Student: 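Take a look at the following structure, please.
Side chains included, hydrogens not; waters and symmetry mates left out as well; all remaining heavy atoms used. Fair warning: this is a prediction, and the values are worked out from it, not measured in the lab.
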Amino acid sequence: MRLAKESDLDVLFDLNAISRHDAERSLFIASSVHAGKCWMAVETDDASRLPGYGILNHSFFRQTFIPLDVIKDSARRLDVGTAILSALV
């Protein structure tokens, strides 16, 4: 796991189907990256092989909250989501 960087935004947008046509979702992801709240499940710095990512913030009554957890279709049922959630909390 590593924090997402601005240079990762295109890969993050590509993985999230909604962000492809929803400017508000894209802005939320970009803002989360800028704030250091977006974590990527990568084993190397090669973001092109990104199986998933998650965002952790305090938007729910100032409590720790995971508003977005995105897993690539081919990575589902491989514990990628579990690894992301474990790292975030």
Student: Could you list the residues that satisfy side-chain hydrogen bond (donor to acceptor under 3.5 Å, both in side chains) with S31, not counting sequence neighbours?
Tutor: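 For S31, no residue satisfies side-chain hydrogen bond (donor to acceptor under 3.5 Å, both in side chains) once neighbours in sequence are set aside.
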Student: Drop me the distance from S26's OG to H21's NE2, to the nearest 0.5 angstrom.
Tutor: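 Separation between the atoms: 9.5 Å.
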Student: With the 4.5 Å side-chain cut-off for hydrophobic clustering, are I18 and L68 part of the same group?
Tutor: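 Shared cluster, no.
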Student: So which heavy atom on N57 is nearest to which on P67, and how close?
Tutor: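 Nearest heavy atoms, N57 then P67: ND2-CG, 3.4 Å.
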Student: Considering all heavy atoms of both residues, which atom of A41 and which atom of P51 are nearest to each other, and what is their separation?
Tutor: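 Residues A41 and P51, closest heavy atoms: O-CD, 2.7 Å.
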Student: Of the non-hydrogen atoms in S19 and I29, which two are nearest, and what is the gap between them?
Tutor: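 Answer, listing the atom of S19 first, then I29: CB-CD1, 4.0 Å.
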Student: M1 versus I84: any side-chain heavy-atom pair under 4.5 Å?
Tutor: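 M1 reaches I84 side chain to side chain.
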Student: Kindly compute the distance separating CD1 (I55) from CG (L88), expressed to the nearest 0.5 Å.
Tutor: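 Between I55 CD1 and L88 CG, I get 9.5 Å after rounding to 0.5 Å.
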Student: Keeping the roles fixed (side chain from R20, backbone from D14), state whether a donor-acceptor pair exists under 3.5 Å.
Tutor: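 Yes; judged by distance alone, with no hydrogens or angles, the pair exists.
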Student: side-chain contact (heavy atoms from CB on, under 4.5 Å) for F65 and L56? Distances and angles first, verdict last.
Tutor: CA-CA 6 Å; F65 183 63; L56 178 73; over 6 Å; no
Student: Return the OG to CG distance between S32 and L9, rounded to the nearest 0.5 Å.
Tutor: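 Reported value, rounded in 0.5 Å steps: 10.0 Å.
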Student: Can you list the steps and then say if D8 with R2 is a side-chain contact (heavy atoms from CB on, under 4.5 Å)?
Tutor: CA-CA 11 Å; D8 299 319; R2 71 165 173 82; 2.9 Å; yes
Student: Considering residues at least two apart in sequence or located in another chain, which fulfil the side-chain hydrogen bond (donor to acceptor under 3.5 Å, both in side chains) criterion with H58?
Tutor: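 Checked H58 against side-chain hydrogen bond (donor to acceptor under 3.5 Å, both in side chains); matches are T64.
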Student: Give the intermediate values and the outcome of side-chain contact (heavy atoms from CB on, under 4.5 Å) for residues M40 and L12.
Tutor: CA-CA 9 Å; M40 301 171 53; L12 298 173; 4.1 Å; yes
Student: Any donor-acceptor pair under 3.5 Å linking the side chain of Y53 with the backbone of A4?
Tutor: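 Absent.
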